[in-house]
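Worksheet for the structure shown next.
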2 protein chains.
Amino acid sequence: MTEAPRRQPTLDEVAERAGVSRSAASRVLNNAPHVSPEKRRAVQRAIRELDYVPHTTARALATRQRGAVALVIAGEAPSIFADPFFARVIVGASAVLEEADLHLMLCLAAGDRSRRRLAELLRARGVDGVMLMAVRENDPVLRLVKETDVPVVFGGRPPGSEPPWYVDVDNVGGARHATEHLLACGRSRVGTICGPPDTQVGRARHRGYREAMILAGLRPVPAERGDFTEPGGVAAMAALLQRQPALDAVFAANDNMAAGALRALRGAGRAVPGDVAVVGFDDLDIARIADPPLTTVRQPIQALGSEMARMLVGLIAGEEPSSLILPTRLVARSST
Amino acid sequence: MTEAPRRQPTLDEVAERAGVSRSAASRVLNNAPHVSPEKRRAVQRAIRELDYVPHTTARALATRQRGAVALVIAGEAPSIFADPFFARVIVGASAVLEEADLHLMLCLAAGDRSRRRLAELLRARGVDGVMLMAVRENDPVLRLVKETDVPVVFGGRPPGSEPPWYVDVDNVGGARHATEHLLACGRSRVGTICGPPDTQVGRARHRGYREAMILAGLRPVPAERGDFTEPGGVAAMAALLQRQPALDAVFAANDNMAAGALRALRGAGRAVPGDVAVVGFDDLDIARIADPPLTTVRQPIQALGSEMARMLVGLIAGEEPSSLILPTRLVARSST
DNA sequence: GAGGGGTTTGGGAGCGCTCCCAAATGGTGG
DNA sequence: CCACCATTTGGGAGCGCTCCCAAACCCCTC
């Protein structure tokens with residue numbers, strides 16, 4: 001504000017100062033061949049002296065690539081993004097993107113207006129690629145990304161479709177392990193609090209539970225449905241207890257609901273893990289803080305982000321990566 | 001992938017189809033005056049028929065504005081972003097930005113490399129403005145934003161400096177209210193678990209506590225220092241109890257530490273709120289889930305985001321907004 | 001019917017970069 | 001010493017848009 005609004009120097013000015021042509025300067029900038037060592041040095045000096053920084057937008061226009069990718073959170077309301085899950089995905093992704101010198105745009109694409117903006121962003125080639133998460137069944141965003149010709153990597157699979165490129169977490173396997181763990185602890189009347197059935201995560205974790213039960217020769221208990229929130233977990237656990245009073249273990253499809261279950265069990269006078277063992281899923285902070293600390297299935301959230309980014313960078317570079325399912329790991333604590 | 005790689009139509013093509021000049025088409029696009037109604041209609045029809053979308057990058061180059069702003073999280077490690085706080089700021093900000101038709105870039109500017117990239121982004125005019133958060137004392141990022149000529153809005157104030165434009169939360173007032181609430185509950189031996197003193201938030205909340213004590217004619221108890229984490233809260237509470245066994249209330253500078261305090265108190269056999277009342281700060285999920293649910297100071301996180309965005313949009317438009325301190329609100333639950 | 005005001009209109013010159021291509025340069029072999 | 005090939009070099013034409021400006025146009029008024 002104090003100084004004159006001095007313009008940023010342009011490549012022409014660099015070239016002039018170095019006594020070479022703009023083309024030569026451009027070659028040095030992109031360290032392309034066909035520049036004599038002396039000229040190269042001269043240009044480098046000029047760049048340093050003028051404190052030159054290439055104008056990204058101009059470069060983007062000329063090369064037809066933007067140097068940025070978008071992370072799109074579909075969901076039904078922008079507030080879905082408040083889930084700490086996404087923040088950790090971003091931490092993972094941004095490290096990889098930084099390596100590839102790509103910037104990250106964040107689009108909370110809930111609602112018509114933001115979807116229209118996303119559509120424009122894609123059509124106008126505002127980004128070189130997209131990472132897409134929290135897509136629901138028949139989400140209108142699916143049409144948008146189908147029409148675009150920039151590469152799209154999904155995080156998780158939307159229910160009812162198998163995108164060409166995705167990174168997902170082994171929800172089925174994780175849920176199966178969690179249930180098997182309960183069985184291995186000597187429990188046999190294992191119930192489950194499942195997630196909303198219109199989410200792929202909800203479905204997959206429920207399936208893992210059923211698989212484990214059937215494999216063990218037990219009859220799956222009808223699931224009580226939660227909404228991935230703690231209060232939802234309280235309500236579901238209460239209902240489950242009423243329906244199956246003899247329950248000796250519960251697999252909850254995420255930690256929030258497991259924490260709710262803990263609270264409901266305490267309210268009902270059942271000891272954990274004495275009377276009822278509880279396993280959650282996610283291994284968020286709440287699992288460690290819960291009382292008793294929750295045994296849970298840790299999913300590699302940050303790795304999900306970094307792998308998505310890696311895959312996208314590969315696609316942009318013209319490679320043909322293959323989709324990925326990341327393993328989960330059971331973390332045993334005192335709730336079992 | 002199935003279709004030919006048909007190029008997006010350009011404005012020239014629109015103009016040609018509408019039988020007008022490129023200039024006229026451009027005017028219609030930006031609905032500028034000096035276009036006859038018929039031509040306007042013709043252009044609009046051509047746009048619709050060709051499914052034309054203006055090329056953002058070209059426009060950016062011509063107008064010298066990018067149509068995007070950056071949210072920069074300074075911090076010392078990228079993982080600071082995993083704090084759910086930022087996610088809610090983003091939810092607030094992105095709604096306002098969407099209204100202003102600005103895109104959001106996210107920069108986790110910890111470490112030299114990412115700071116260099118940020119510097120380039122600013123110098124190369126990759127964004128029209130910046131929202132800046134989690135800046136530490138003497139953070140190198142301060143120099144970067146001082147040198148840039150795009151507007152910068154701070155979220156919170158970095159310790160030791162008063163930025164020209166900021167949105168902050170009334171941490172002092174909130175902490176004072178929290179402490180006064182404890183006093184109003186009939187407590188008098190009120191201790192505090194404070195945050196790291198090199199954060200503005202830590203300092204401000206500690207100050208609010210001291211103000212309330214002094215105003216009430218009481219001697220502030222020397223604070224026990226935590227690090228804003230739950231385990232940190234456990235340790236601090238244990239230390240505090242040892243030092244001040246007669247304590248009957250604690251103000252913790254955030255909910256995580258308050259939850260830790262709860263756990264430590266339970267471990268020490270003190271009833272909450274019977275023996276010791278506890279107040280936290282933030283009103284995150286954990287406050288509601290804690291046992292007993294925490295009385296806490298709610299800060300308007302989403303509003304922080306939206307107000308930052310609003311201020312930035314104003315600055316970009318050439319206005320001269322004034323900085324803002326958002327009020328907090330005490331939420332009474334069962335820990336007091 | 002010529003002169004004057006205002007409003008359209010379209011050509012052209014950018015914005016700052018990349019990249020193609022033709023010309024210049026330099027080193028080699030016959 | 002010249003022809004010939006491989007490099008290096010710089011001019012110029014984009015990329016797709018905005019915006020200035022001069023020319024064209026329209027409608028009055030005198």
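In this text the structure is predicted, and so the values were computed from the model without any measurement. In the text below, chain A, chain B and the rest are named by the order of the sequence lines, each starting its count at 1.
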key: Atom pair distance, as rounded to whole Å: CD in B/E38 and P in C/dT7   = 17 Å

ask   = Going by the salt bridge (charged side-chain N to carboxylate O under 4.0 Å, His left out) test, which pairs reach into residues 157-169 of chain A, not counting sequence neighbours?
value = A/R157-A/E162, A/R157-A/D168

message = List the residues meeting salt bridge (Lys or Arg N to Asp or Glu O under 4.0 Å) with B/D198, not counting sequence neighbours, and say none if there are none.
response = none

ask   = Sequence neighbours excluded, which residues qualify as side chain to side chain contact (heavy atoms under 4.5 Å, CB included) partners of B/R143?
value = B/E147

key: Residues which pass side chain to side chain contact (heavy atoms under 4.5 Å, CB included) with B/Q302, listed by chain and number, not counting sequence neighbours   = B/V91

task = Please identify each residue that fulfils side chain to side chain contact (heavy atoms under 4.5 Å, CB included) with B/N30, with sequence neighbours left out.
result = B/S26, B/R59

message = Each nucleotide in nucleotides 11-18 of chain C should get exactly one letter: B, S or -. Can you fill that in based on protein heavy atoms under 4.0 Å?
response = BBBBBBBB

Those residues that, when tested against B/T57, pass side chain to side chain contact (heavy atoms under 4.5 Å, CB included) (two or more places apart) = A/T57, A/A60, A/L61, A/R66, B/H55

note = Here the pair of heavy atoms bringing B/P159 nearest to B/Q200 is CG-N, 3.7 Å

message = How bent is the helix from C/dG1-D/dC30 to C/dG30-D/dC1, measuring the angle between the end axes built from five pairs each, rounded to 10°?
response = 70°

Side chain to side chain donor-acceptor pair (under 3.5 Å) contacts touching residues 38-48 of chain B (sequence neighbours left out) = B/R45-B/E49

ask   = Within this structure, what is the NE2-to-P distance between B/H34 and D/dC25, rounded to whole angstrom?
value = 18 Å

ask   = Which residues pass the salt bridge (Lys or Arg N to Asp or Glu O under 4.0 Å) test with B/E99, sequence neighbours left out?
value = A/R113

Expected list for residues 74-88 of chain A: side-chain donor-acceptor pairs under 3.5 angstrom, two or more places apart:
unit_1: A/D83; atom_1: OD1; unit_2: A/F85; atom_2: N; d: 2.8

task = Let me know the distance between NZ of A/K39 and P of C/dT25, rounded to the nearest Å.
result = 10 Å

query = Looking at DNA chain C, which of residues 116-130 of chain B put a heavy atom within less than 4.0 Å of it?
reply = none

